[in-house]
Amino acid sequence: MYEFARGPLVWIAFLVFFFGSIWRVWSIIRLGKKDKVVHPYLNVKYALRSIGHWIIPYGSVNMRMRPVFTILSFVFHLGLVVLPFFVFGHLMLLNESWGVAWAALPECATNAFTLLMVGIGVIFFVRRIADPTVRFVTSLSDYLILLVVLGPFITGLFAYYQVLPSDIAVTMHIVTGALWLMAIPFTRLSHMLFFPMTRGYMGSEMGFVRNAKDW
């Protein structure tokens, strides 16, 4: 199982993610063409202006209304992007497989960041139960997606602290990572693909057509 996870499963996960992402993006572009106002409304200036405000912490009124949740959300998303590419173990395998690598973050930093990610994930989980407004729009799939996202970080800690035998912990880490990668194009995690498109359109409509801000 370890050899399968480290070899074929990794390739399967990347292929599903790559081609699934292309298919989802192409599908949304085709869907936009059916609406006569989507493409004509697009404006690079207002699209970039909107994206810029929404990727900066506290750049929008909505973020400033929820300061604690905003910073937790930004830290969590930063960890999703940074940690997989700067953990020493990942870079070691990348160097062994393809002969390429770059500087890794210090081990103590990646360990602390991973613990922080799991902690924030638990807060998100509790928030969906405790906050009536969020609970009203939460379904079982939201809890499952959160578990899928946290899976690689939890199993990574299992491997680091040797909670389980090494081969089992590493296999679980690879499997959960592959599951997360393959889930991106086909679940709500696809917002990472659609964010520039949806935010760009909303910024274009509000700025170019309505002459108003969308943040």
Side-chain angles (χ1 to χ4, degrees), residues 1-22 24-25 55 57 70-127 141-196:
M1 185 63 186
Y2 171 77
E3 293 300 327
F4 171 76
R6 185 178 175 182
L9 182 60
V10 172
W11 280 105
I12 292 171
F14 274 107
L15 289 172
V16 170
F17 167 73
F18 181 74
F19 288 108
S21 298
I22 292 176
R24 288 302 307 277
V25 170
I55 63 174
T70 293
I71 195 62
L72 290 177
S73 180
F74 269 88
V75 170
F76 191 77
H77 283 82
L78 180 65
L80 294 177
V81 175
V82 170
L83 281 174
F85 294 101
F86 291 96
V87 172
F88 176 76
H90 293 182
L91 294 176
M92 183 176 65
L93 291 174
L94 184 64
N95 189 44
E96 289 178 359
S97 301
W98 293 324
V100 294
W102 45 83
L105 289 171
E107 191 173 278
C108 59
T110 56
N111 181 51
F113 206 166
T114 303
L115 288 168
L116 180 61
M117 292 288 291
V118 175
I120 294 175
V122 171
I123 292 173
F124 289 168
F125 197 94
V126 173
R127 175 175 173 266
S141 64
D142 294 301
Y143 294 111
L144 294 177
I145 289 172
L146 185 55
L147 289 175
V148 168
V149 172
L150 290 177
F153 298 96
I154 295 173
T155 54
L157 291 174
F158 285 174
Y160 181 80
Y161 288 107
Q162 299 180 348
V163 175
L164 299 171
S166 178
D167 284 355
I168 294 177
V170 173
T171 300
M172 291 175 61
H173 183 59
I174 297 173
V175 170
T176 53
L179 180 61
W180 173 46
L181 200 60
M182 290 187 289
I184 290 174
F186 308 106
T187 66
R188 291 187 183 182
L189 297 177
S190 60
H191 71 269
M192 66 169 287
L193 305 173
F194 298 146
F195 170 79

**Q** Considering residues, nucleotides and ligands other than F194, do more than 12 of their heavy atoms fall under 6.0 Å from its CZ?
**A** yes
**Q** If you compare all heavy atoms of Y161 against all heavy atoms of N111, which two are closest, and at what distance to 0.1 Å?
**A** OH-ND2, 2.8 Å
**Q** Taking atom CG of L83 and atom OG1 of T114, what is their separation to the nearest 0.5 Å?
**A** 4.5 Å
**Q** May I ask you to test the P185-S190 pair for a side-chain heavy-atom distance under 4.5 Å?
**A** no
**Q** Using a 4.5 Å cut-off on heavy atoms from C-beta on, say whether the side chain of V170 contacts that of R6.
**A** no
**Q** With rounding to the nearest 0.5 angstrom, report the CG to CE distance, L179 to M172.
**A** 12.0 Å
**Q** Tell me, do V149 and F76 make a side-chain contact under 4.5 Å, heavy atoms counted?
**A** yes
**Q** Should we count CZ of F18 as having more than 12 external heavy atoms under 6.0 Å?
**A** no
**Q** State, to 0.1 Å, how close V148 and A183 come at their nearest heavy-atom pair, and which atoms those are.
**A** CG1-CB, 4.4 Å
**Q** Measuring only between side-chain heavy atoms, which start at C-beta, is F4 closer than 4.5 Å to T171?
**A** no
**Q** Counting heavy atoms not belonging to F88, are there more than 12 under 6.0 Å from its CZ?
**A** no
**Q** Any side-chain heavy atom of L157 sitting closer than 4.5 Å to one from V163?
**A** no
**Q** According to the interplanar angle, ranging from 0 to 90°, do the rings of F125 and Y143 count as parallel (below 30°), tilted (30 to 60°) or perpendicular (above 60°)?
**A** tilted
**Q** Do you know the tightest heavy-atom contact between L9 and A178?
**A** CG-CB, 3.9 Å
**Q** Using a 3.5 Å distance criterion without hydrogens, assess whether the side chain of H173 forms a donor-acceptor pair with backbone atoms of A169.
**A** no
**Q** L193 and V25: which non-hydrogen atoms are nearest, and at how many Å?
**A** CB-CG2, 4.3 Å
**Q** Just verifying a value: how many Å separate F153 CZ and L115 CG, rounded to the nearest 0.5 Å?
**A** 11.5 Å
**Q** Quick one, V16 and L181 - any side-chain contact, counting heavy atoms below 4.5 Å?
**A** no
**Q** Within the 4.5 Å heavy-atom criterion, are I168 and F158 side-chain neighbours or not?
**A** no
**Q** Report the distance from atom OG1 of T176 to atom CG of L147, rounding to the nearest 0.5 Å.
**A** 11.5 Å
**Q** Using every non-hydrogen atom in the two residues, find where A5 and V10 come nearest and quote the distance to one decimal.
**A** O-CG2, 3.1 Å
**Q** What pairs with D167 under side-chain hydrogen bond (donor to acceptor under 3.5 Å, both in side chains), at least two apart in sequence or on another chain?
**A** none
**Q** If I take atom OH from residue Y160 and atom OG1 from residue T155, how far apart are they, to the nearest 0.5 angstrom?
**A** 15.5 Å
**Q** Do the side chain of H191 and the main chain of R188 share a donor and acceptor less than 3.5 angstrom apart?
**A** yes
**Q** Which distance, rounded to the nearest 0.5 Å, do you find between the CG of L80 and the CG of L150?
**A** 8.5 Å
**Q** Parallel, tilted or perpendicular: which describes the rings of W102 and F85, with under 30° parallel and over 60° perpendicular?
**A** tilted
**Q** Taking atom CD of Q162 as the centre, does the number of heavy atoms from other residues, nucleotides or ligands within less than 6.0 Å exceed 12?
**A** no
